[in-house]
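For reference, the structure is listed below as structure tokens.
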Amino acid sequence: MRKITARTLLLVGVFGLLILQFCKERKTTQLPVDGQEENRKIRELHKYDSYVYSWPKCEQNTSAANITGFSSLPGHIQDFLYYRHCRHFPMLLDVSDKCGGASQSAEVFLLLVIKSSPVNYDRREVLRKTWAEEREQNGVWIRRLFISGTMDSGHEKNRLNKLLELEHREHNDILQWDFSDSFFNLTLKQILFLEWMEKNCPKARFLFNGDDDVFANTDNMVQYLQGLDDNDGSKHLFTGHLIQNVGPIRSQRSKYFVPVQVQESESYPPYCGGGGFLLSGYTAMVIYNMSKSITILPIDDVYMGLCLAKAGLGPSSHMGVKTAGLYVPSSNTDMYDPCYYKEIILVHRFFPAHMYLMWHRIHDPKLKCGL
Ligand SMILES: *[C@@H]1O[C@H](CO)[C@@H](O)[C@H](O)[C@H]1NC(C)=O
Ligand SMILES: *[C@@H]1O[C@H](CO)[C@@H](O)[C@H](O)[C@H]1NC(C)=O
Ligand SMILES: *[C@@H]1O[C@H](CO)[C@@H](O)[C@H](O)[C@H]1NC(C)=O
Ligand SMILES: *[C@@H]1O[C@H](CO)[C@@H](O)[C@H](O)[C@H]1NC(C)=O
């Protein structure tokens with residue numbers, strides 16, 4: 001009898017502790033994610049800035065669930081369809097004076113616009129020290145911006161936001177909006193950037209738009225752009241790794257899977273691979289104008305192609321852009337031989353340490369390459 005009571009007491013005690021622990025955890029996870037409170041803070045922080053204000057939360061389009069076959073689509077595609085119409089999100093970090101103000105922005109010759117997820121801290125750090133360094137190159141200005149959304153939720157989201165805020169305080173180079181930084185939201189990221197550009201940097205001559213894991217030779221970019229006949233950024237230019245005669249991938253297993261419910265057409269317009277491409281400020285603004293009347297497609301580089309097509313323009317091919325990697329002649333040559341990288345404009349993909357080393361090696365005055 002006594003044994004039983006002791007055991008019962010012990011059980012009750014353990015159970016009680018568990019409940020206490022559970023309540024504590026619930027309380028902490030519930031604390032920071034109140035949207036309205038967050039919006040109020042953002043408004044407070046930016047009350048003197050006319051552009052950075054909070055948009056009302058974009059509501060899910062519940063009718064999307066009526067689309068034929070909706071329930072058999074993968075979760076991220078259902079999510080895309082629910083939120084496809086959303087184009088405005090509160091801005092968390094801004095650098096409105098990046099180009100010295102809208103009217104001065106023609107001073108910026110090359111604006112580097114680099115898509116980067118909050119977690120990619122080490123990639124950003126190495127880019128700041130290498131090809132994306134802000135500088136005067138051959139007499140013209142290069143400026144840098146990372147564009148980002150948010151990741152995760154609760155504490156992890158807050159931590160990553162804090163990280164970006166810290167980086168931003170030191171480097172002044174991040175545009176961040178409060179939307180989920182996922183693969184299928186990359187088009188949204190592009191549109192938000194173009195909207196920002198129209199307000200803050202409409203006259204930038206040229207832009208490089210690309211990923212944070214490419215090796216881009218920005219010295220060569222400047223040289224190429226300065227050598228263009230008859231284009232100071234006020235005429236059409238959109239060039240990179242040209243992709244033509246392809247259409248949506250209908251295989252569910254692919255990262256690029258786009259079902260008919262998202263896009264019916266079996267063909268894509270010509271476009272440039274999203275790892276990195278060059279465009280003029282003029283073309284960027286044309287694309288922005290067109291985007292206003294084109295439904296969002298999840299694959300961002302294809303979407304840019306659609307906008308160009310609607311304006312009656314097209315992308316072109318640049319031989320120096322190797323988004324599919326570099327062709328190295330034989331298996332016993334060093335694929336990181338700097339001589340292969342001196343002449344190119346872009347190679348996908350590089351790890352931070354390789355990036356750092358390569359940037360230094362191609363600038364070594366003692367580097368000797370064949371004819
Ligand atoms: C679509 O879904 C909404 C919300 O779930 C529902 O109210 C509506 O009746 C549906 N419309 C059609 C055409 O099925
Ligand atoms: C919501 O989804 C339905 C079904 O795809 C679509 O017809 C409608 O235009 C969408 N509404 C908005 C506001 O995008
Ligand atoms: C895009 O971001 C919005 C806002 O965070 C989110 O509601 C939506 O689910 C995201 N879409 C995809 C496809 O990840
Ligand atoms: C984009 O649209 C605006 C407003 O309609 C117009 O003023 C501007 O010239 C357009 N820009 C380009 C490059 O077509």
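Worth knowing before you read on, the calculation uses all heavy atoms, side chains too, and leaves out hydrogens, waters and symmetry mates. All ligand and atom numbering here is 1-based and tracks the order in the structure.
- Annotation: Phe80 is not in aromatic contact with His76 [ring centroid separation under 6.0 Å not met].
- Note: no N/O pair closer than 3.5 Å links Tyr282 and ligand 4 by distance alone.
- For the ring pair (Phe, Tyr, Trp, His ring centres under 6.0 Å) with His318, the lone residue among Phe238, Tyr224, Phe208 that qualifies is Tyr224.
- Ligand 2 has a nitrogen or oxygen under 3.5 angstrom from a nitrogen or oxygen of Asn61.
- Protein residues lining ligand 3, listed by chain and number: His76, Asp79, Phe80, Tyr83, Phe89, Phe179, Ser180, Ser182, Phe184, Asn185 [non-hydrogen atoms, distance under 4.0 Å].
- Those atoms of ligand 2 with a heavy atom of His85 less than 4.0 angstrom away are 14 (O).
- Annotation: Phe350 is in aromatic contact with Tyr341 [ring centroid separation under 6.0 Å].
- In this structure, Arg84 contributes its side chain and Ile296 its backbone to a donor-acceptor pair below 3.5 Å.
- Near Val286, meaning under 4.0 Å from any of its heavy atoms, are these atoms of ligand 4: 13 (C), 14 (O).
- Ionic pairing of Lys98 and Glu134 is present here: one or more N-O contacts between side-chain nitrogen and carboxylate oxygen are shorter than 4.0 angstrom.
- For residues 64-148, the disulfide (SG to SG under 2.5 Å) pairs, not counting sequence neighbours, are Cys58-Cys86, Cys99-Cys201.
- Residue-environment remark: OH (Tyr256) stays at or below the threshold of 12 foreign heavy atoms within 6.0 Å.
- Each of Leu357 and Ile362 belongs to its own hydrophobic cluster when Ile, Leu, Val, Met, Phe, Trp and Tyr are linked at side-chain heavy-atom distances under 4.5 angstrom.
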